[in-house]
Amino acid sequence: MKNNKITKVLFVCLGNICRSPMAEFVMKDIVEKAGLSHEFEIASAATSTYEIGNPVYPPARQKLAEHGICCAGKTARQITKKDYEHYDYIVAMDQSNLRNLRAMLGDDKQGKISLLMDYTSRPADVADPWYTGDFQATWDDVNEGCSDLLTFIMDKNK
Ligand code: 4NP
């Protein structure tokens with residue numbers, strides 16, 4: 001690993017109560033199981049103000065719990081320009097998040113912003129459970145996306 005650097009990853013979605021916190025806690029779990037927690041800082045944030053201060057949405061929390069993952073204490077917060085400077089990877093869940101990020105942060109001059117499923121062999125938006133209630137589809141996407149993101153980062157940090 002280059003310079004013992006901590007890699008900082010911020011997952012982003014609209015509300016920061018479903019998809020991005022699922023990605024945050026799945027990524028933390030994958031990284032921990034790989035024995036790499038000390039090399040990462042991982043968090044999540046919203047593009048909107050809709051859910052600021054609210055905990056992870058119960059069905060998302062339930063889906064994480066089914067896999068032994070705890071997200072207690074996480075509350076939604078909105079992304080800031082400081083986050084853009086602080087994090088190395090700003091990983092959005094869908095195309096509309098990308099548009100919102102561009103409007104909020106301006107041009108991605110440092111090339112930090114990406115889409116989670118672009119790290120996988122099936123680029124797409126992460127399944128949005130907000131209207132479908134299908135948290136399993138979100139889990140499947142987030143799990144695959146985070147696993148492939150970790151592979152990408154470890155290869156890049158070699
Ligand atoms: P998330 O889900 O962006 O995955 O956290 C949503 C949360 C809240 C809303 C939409 C999506 N909302 O419209 O309030």
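Just follow the structure's listing: the first ligand is 1, and inside any ligand the first atom is 1. Computed from a predicted model, the values in this text were never measured in an experiment.
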Please could you name the atoms of ligand 1 that [X] approaches to less than 4.0 Å, counting only its heavy atoms?
{"X": "Asn16", "answer": "5 (O)"}
{"X": "Cys18", "answer": "1 (P), 2 (O), 4 (O), 5 (O)"}
{"X": "Tyr50", "answer": "12 (N), 13 (O), 14 (O)"}
{"X": "Leu14", "answer": "3 (O), 10 (C)"}
{"X": "Gly15", "answer": "1 (P), 3 (O), 5 (O), 7 (C)"}
{"X": "Ile17", "answer": "5 (O), 7 (C)"}

**Prompt:** For Ser44 and Asn16, does a side-chain donor sit closer than 3.5 Å to a side-chain acceptor?
**Reply:**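 Side-chain D/A pair, Ser44 to Asn16: present.
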Between Tyr89 and Thr7, do the side chains contain a donor N or O and an acceptor N or O under 3.5 Å apart?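 No, because no side-chain N or O of Thr7 sits under 3.5 Å from a partner of the opposite role on Tyr89.
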Worksheet item: Between Glu51 and ligand 1, which residue portion shows a heavy-atom distance shorter than 4.0 Å: side chain, backbone, both, or neither?
Response: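 It is the side chain that touches ligand 1; the backbone stays farther off.
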- Is Lys33 salt-bridged to Asp29, cutoff N-O under 4.0 Å?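 Yes, this pair counts.
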> Any Lys/Arg nitrogen of Glu32 or Lys28 sitting under 4.0 Å from an Asp/Glu carboxylate oxygen of the other?
Replying inline: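 Answer for the salt bridge query: no.
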Checklist entry - Between Leu116 and Val142, what is the shortest heavy-atom contact and its length? => result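 Taking every non-hydrogen atom into account, CD2-CA, 4.1 Å.
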| request: Would you name the heavy atoms of Ile90 and Tyr84 that are closest together and state the gap between them? | output: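 Smallest heavy-atom distance, with atoms named: CD1-CA, 4.0 Å.
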Geometry only, no angles: is [X] polar-contacting ligand 1 at N/O separations under 3.5 Å?
{"X": "Pro129", "answer": "no"}
{"X": "Arg19", "answer": "yes"}
{"X": "Cys13", "answer": "no"}

### Message
Please determine whether salt bridge (Lys or Arg N to Asp or Glu O under 4.0 Å) holds for the pair Glu66 and Lys63, giving the CA-CA distance in whole Å, both sets of side-chain angles, and the decisive distance to 0.1 Å.
### Response
CA-CA 5 Å; Glu66 277 173 29; Lys63 186 52 68 181; 3.0 Å; yes
Practice problem: For residues 12-21, pull every pair meeting salt bridge (Lys or Arg N to Asp or Glu O under 4.0 Å), keeping only residues two or more places apart or in separate chains. | Solution: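 For residues 12-21, and leaving out neighbouring residues, the salt bridge (Lys or Arg N to Asp or Glu O under 4.0 Å) pairs sorted by first residue read Arg19-Asp94, Arg19-Asp128.
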*Among all protein heavy atoms, pick the one closest to atom 9 (C) of ligand 1 and tell me residue, atom and distance.*
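Here the closest protein heavy atom is Trp130 CE2, 3.5 Å.
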